[in-house]
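Please read through the structure below; I'll follow up with questions.
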Amino acid sequence: MAMEPRLNLVTLGVADVARSKVFYEALGFEPCGFENEHVGFYAAGGVVLGLFGRGALAEDAGVADDGHGFRAVSLAHNTRSQAEVDAVLAHAVACGASLIKPAQRVFWGGYSGYFADPDGHLWEVAFNPGFPLDASGQMQLPPKAT
């Protein structure tokens, strides 16, 4: 059986679950009601964002928690306009994020910047005119070329 192509849950390994819950709730994420001092789950527009202790997540996956730098992963929040990119970045910083890269026009024709959460997880905030958002905020990919 082939895997169905979908992404259901993104889990971030965090140093302090309580601190991360406060940060993500300040950003506007609402807890789903199934959380405790060890884990938090938040609806994120069709995907679930999970927060789990970094050491516990490494143990669950059976890998070393050796803290080796950037894992070549970023999360993304797409917007409907350039102005919204600036507003989201400012809000994230006001909630305790670190501004990593101020918003700017980018080579692919959009406008984006980056912030990092308290554990250094990167979030790109982008306006991409080639991937518009529908009324519910879901990104619309262009049709496959034939």
Side-chain angles (χ1 to χ4, degrees), residues 1-106 108 110-142:
M1 178 172 121
M3 179 177 156
E4 292 181 40
R6 68 170 171 259
L7 179 64
N8 301 102
L9 173 70
V10 173
T11 303
L12 301 178
V14 300
D16 182 330
V17 174
R19 177 189 70 183
S20 292
K21 285 179 175 182
V22 168
F23 174 77
Y24 280 98
E25 289 170 22
L27 283 180
F29 287 85
E30 293 188 27
C32 75
F34 180 81
E35 55 268 327
N36 57 45
E37 66 274 9
H38 305 290
V39 67
F41 295 102
Y42 302 86
V47 175
V48 175
L49 174 66
L51 304 174
F52 199 53
R54 181 182 174 108
L57 182 59
E59 182 180 334
D60 186 54
V63 299
D65 181 19
D66 55 12
H68 283 213
F70 180 53
R71 297 285 184 212
V73 173
S74 70
L75 304 170
H77 176 87
N78 281 34
T79 67
R80 291 179 176 84
S81 70
Q82 290 183 25
E84 192 178 346
V85 170
D86 294 328
V88 169
L89 288 171
H91 177 68
V93 170
C95 292
S98 299
L99 183 64
I100 302 301
K101 179 182 172 187
Q104 57 192 262
R105 292 186 188 279
V106 289
W108 42 264
Y111 182 76
S112 77
Y114 283 84
F115 72 84
D117 77 0
D119 287 280
H121 298 290
L122 291 176
W123 279 81
E124 179 186 22
V125 181
F127 167 65
N128 185 338
F131 291 176
L133 302 180
D134 68 14
S136 67
Q138 299 295 310
M139 187 175 2
Q140 301 302 299
L141 296 175

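When a residue number appears, it is its place in the shown sequence, counting from 1.
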- Which atom pair, heavy atoms only, marks the closest approach of L49 to L9? C-CD1, 4.3 Å
- Might you point out which heavy atoms bring F115 and V125 nearest each other, and give the distance in Å?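 Closest approach of F115 to V125: CE2-CG2, 3.7 Å.
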- Message: My understanding is that only residues two or more places apart in sequence, or in another chain, count here; which of them pass side-chain hydrogen bond (donor to acceptor under 3.5 Å, both in side chains) with Q82?
- Response: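 Expected list: none.
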- Tell me, do M139 and L133 make a side-chain contact under 4.5 Å, heavy atoms counted?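 Yes, their side chains come closer than 4.5 Å.
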- Item | Residue pairs passing the side chain to side chain donor-acceptor pair (under 3.5 Å) test where at least one lies in residues 83-104, sequence neighbours excluded |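 Non-adjacent pairs meeting side chain to side chain donor-acceptor pair (under 3.5 Å): D86-Y111.
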- To the nearest 0.5 angstrom, please state how far the CG atom of N78 sits from the CZ atom of F127.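 The CZ atom of F127 is 9.5 Å from CG of N78, to the nearest 0.5 Å.
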- How close do S112 and A126 get, heavy atom to heavy atom, and via which atoms?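 Looks like CB-CB, 3.6 Å.
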- Are the side chain of Q140 and the backbone of Q138 linked by a donor-acceptor contact shorter than 3.5 Å?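 Checking the backbone N and O of Q138 against the side chain of Q140, a donor-acceptor pair under 3.5 Å is found.
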- Any pair with a residue in residues 7-33 that passes side chain to side chain donor-acceptor pair (under 3.5 Å), sequence neighbours left out, goes on the list, sorted by first then second residue, please. R6-N8, R19-D119, S20-D119, Y24-D117, Y24-W123, E25-Y42
- Message: If you count every heavy atom of other residues, nucleotides or ligands that lies below 6.0 Å from R80 atom CZ, does the total exceed 12?
- Response: yes
- Message: Ignoring hydrogens, what is the shortest heavy-atom contact between A64 and A58? Give both atom names and the distance.
- Response: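 Reported closest heavy-atom pair: C-CB, 4.4 Å.
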- If you look at every heavy atom in A116 and L122, which pair is closest and at what distance?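 Reported closest heavy-atom pair: CB-CD2, 4.2 Å.
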- First locate atom OG of S74, then atom CD of E124, and finally report the distance between them rounded to the nearest 0.5 Å. 6.0 Å
- Note on the structure: Shortest non-hydrogen pair, A92 vs F23, comes out as O-CE1, 4.0 Å
- Does G13 offer a backbone N or O that forms a donor-acceptor pair with the side chain of H121 under 3.5 Å?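 Yes: the side chain of H121 pairs with the backbone of G13.
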